[in-house]
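First up is the structure itself, then whatever we jot down about it.
Residue numbers run from 1 in the order of the sequence given.
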Amino acid sequence: MTSRKHVCQIVPPYLMQRLNAGRLDQDNAFRAARAEHLTRVLAQRPAPEAGETTAEAGDWTVYTAANGTDLPGEKVRAAGEPESGDESVDEAATGITGSLALFEEVYGRDSYDGQGIEVVMTVHYDRDYANAFWDGNQLVFGDGDGEIFQRFTKAVDVIGHELSHAVTEHTAGLVYQGQPGALNESMSDVFGSCLKQRLLGQSADEADWIIGAGLFTESVQGVGLRHMLEPGTAYDDPTLGKDPQPAHMDDIYDGTDDNGGVHINSGIPNRAFALAAKAIGGNSWDGAGKIWYAALTSGAVTTDTDFAGFAAATIAEAGDQAEAVTTAWSEVGVTPASGTPAPDGEGPTVVKVRRSGGFLGRTKEGVAELAPSAAHVAALRNLVAGGAAPSKPKGADRYIYEFEVDGRTVVVHEGDMSPELRAVANELLES
């Protein structure tokens with residue numbers, strides 16, 4: 001799947017504007033300069049020597065920008081090296097080690113791309129920079145402004161949050177806009193919280209479910225950036241205002257700020273996860289966390305999946321915990337999209353695939369009646385819901401696939417087929 005790169009930041013734009021009205025414009029200028037600089041840096045890197053392998057799982061390097069904005073900066077510490085004595089550097093090292101271990105040991109994922117790519121991090125970015133972000137290539141952490149925020153490496157879930165943006169980018173690729181963008185943010189909060197709880201050895205019942213606890217200075221009236229279990233309660237401060245996150249679909253933000261409320265509306269799926277984790281019991285990373293990760297990587301979640309579509313995907317992956325997950329989504333007002341278990345009396349769903357083209361120019365069709373709860377149904381409904389026109393064929397003599405479900409069709413060229421979609425097509429064609 002082709003990844004889409006975004007600058008995903010932990011602090012919402014509406015908070016950045018409260019801190020400094022001109023800061024958001026300045027950030028955009030920094031990003032443009034950073035992208036140009038990174039292009040130069042990558043172009044100057046020597047090509048791998050013959051026999052050189054890619055980075056192994058767990059590989060990471062921490063750089064310092066020394067309060068400048070050039071990235072990645074000066075190398076300070078790499079995996080396997082002793083502590084540097086710099087708090088930010090060593091906190092980043094601890095956080096990324098734990099984050100990579102979470103994805104590898106619990107979810108079987110080798111770094112954020114699934115292939116062991118090295119993780120690059122930069123600390124001490126800019127001067128008084130109150131934010132942390134993933135820019136599509138690396139993780140970046142500011143030292144805070146000292147008035148509202150302390151250094152952003154201080155909260156380990158912030159490190160897990162930013163790495164998880166990279167995981168989402170390399171899996172479902174949720175677009176950073178509207179409900180898919182809020183899901184993107186929520187996935188980062190989910191795995192950031194799982195990381196924090198795992199390092200602390202906490203159960204879902206023992207966890208505080210606060211994202212960014214410890215980031216605020218003592219002058220701020222708040223406990224953190226977001227509260228996953230009780231959205232809208234993280235802070236209520238004269239300078240920052242009141243936490244705007246909704247806890248239910250009845251209060252969803254439908255404006256255009258913050259890319260359509262990606263940091264605001266993430267409170268809704270965040271609460272669903274926290275409720276599911278508590279209902280399932282035990283620890284969050286082995287319980288609800290495995291279900292959420294399986295949904296994210298199942299192929300049923302695509303770039304434009306909304307809350308209802310993601311709810312359906314988690315229920316499809318929940319197994320014996322389907323009732324607990326369904327109830328959690330219901331409590332936040334999300335009705336899972338089709339593909340979840342059907343009410344008594346609802347019949348099977350007819351799905352079709354038609355393959356044409358190829359060297360011989362032959363056409364083959366497959367039809368199957370599947371239960372509405374089948375994962376294939378959820379995946380195909382998400383596919384046709386996108387309604388995108390087919391891309392230009394990649395290469396010659398390749399197949400063209402036409403999928404139909406619920407009377408709607410979508411055309412996908414062979415070069416754009418994911419492994420999951422190819423497996424669905426092959427199964428239907430053999431039926």
Side-chain angles (χ1 to χ4, degrees), residues 1-9 109 112-114 133-137 161-191 252 254 256 258-266 268-270 272-273 292-317 334 336-339 375-394 401-403 405-406 408-425:
M1 178 179 293
T2 301
S3 63
R4 298 186 183 185
K5 296 184 177 180
H6 321 283
V7 177
C8 302
Q9 56 192 32
R109 187 173 191 82
Y112 62 81
D113 69 340
F133 58 84
W134 158 255
D135 71 354
N137 295 283
H161 176 105
E162 297 306 335
L163 183 70
S164 298
H165 274 308
V167 173
T168 296
E169 182 176 295
H170 284 263
T171 52
L174 290 160
V175 295
Y176 208 56
Q177 179 73 36
Q179 285 192 29
L183 281 172
N184 192 320
E185 275 298 319
S186 180
M187 295 307 302
S188 284
D189 280 353
V190 161
F191 295 119
I252 192 169
D254 60 2
T256 59
D258 185 31
N259 290 314
V262 299
H263 292 90
I264 301 173
N265 292 329
S266 60
I268 295 171
N270 274 2
F273 177 82
W292 257 241
Y293 179 79
L296 180 69
T297 57
S298 67
V301 178
T302 62
T303 58
D304 297 322
T305 296
D306 60 9
F307 293 171
F310 188 77
T314 58
I315 293 167
E317 297 292 342
V334 174
S338 52
H376 289 350
V377 176
L380 291 174
R381 279 180 169 148
N382 277 325
L383 179 67
V384 300
S391 60
K392 293 181 179 179
K394 294 177 172 61
Y401 292 82
E402 182 178 296
F403 295 91
V405 61
D406 297 333
R408 302 176 66 184
T409 61
V410 66
V411 176
V412 183
H413 292 293
E414 183 179 5
D416 293 324
M417 294 275 282
S418 67
E420 295 83 4
L421 192 57
R422 189 182 301 275
V424 172

Residue pair [X] / [Y]: nearest heavy atoms and the distance that separates them:
X    : Y    : result
A313 : A300 : CB-CB, 4.2 Å
A172 : V301 : CB-O, 3.5 Å
G261 : A182 : O-CB, 4.3 Å
T297 : T171 : CG2-CG2, 3.7 Å
E162 : W134 : OE1-N, 3.1 Å
G260 : Q177 : N-NE2, 3.6 Å

Reported [atom1]-to-[atom2] distance for the pair [X] and [Y], which is rounded to 0.5 angstrom:
X    : Y    : atom1 : atom2 : answer
E169 : Y176 : CD    : OH    : 11.5 Å
T303 : N184 : OG1   : CG    : 11.0 Å
F310 : I315 : CZ    : CD1   : 11.0 Å
Q179 : I252 : CD    : CD1   : 4.5 Å
F307 : S186 : CZ    : OG    : 7.5 Å
T305 : L296 : OG1   : CG    : 9.5 Å

Taking only residues two or more places apart in sequence, or in another chain, which ones meet A294 in a side chain to side chain contact (heavy atoms under 4.5 Å, CB included)? E317
With sequence neighbours excluded, what pairs up with D113 under the side chain to side chain contact (heavy atoms under 4.5 Å, CB included) test? S111, Q115, I117, H170
Report the residues that fulfil side chain to side chain donor-acceptor pair (under 3.5 Å) with [X], sequence neighbours left out, ordered by chain and then residue number.
X    : value
Y293 : R109
T314 : W329
D189 : H161, R226, N270
S188 : H165

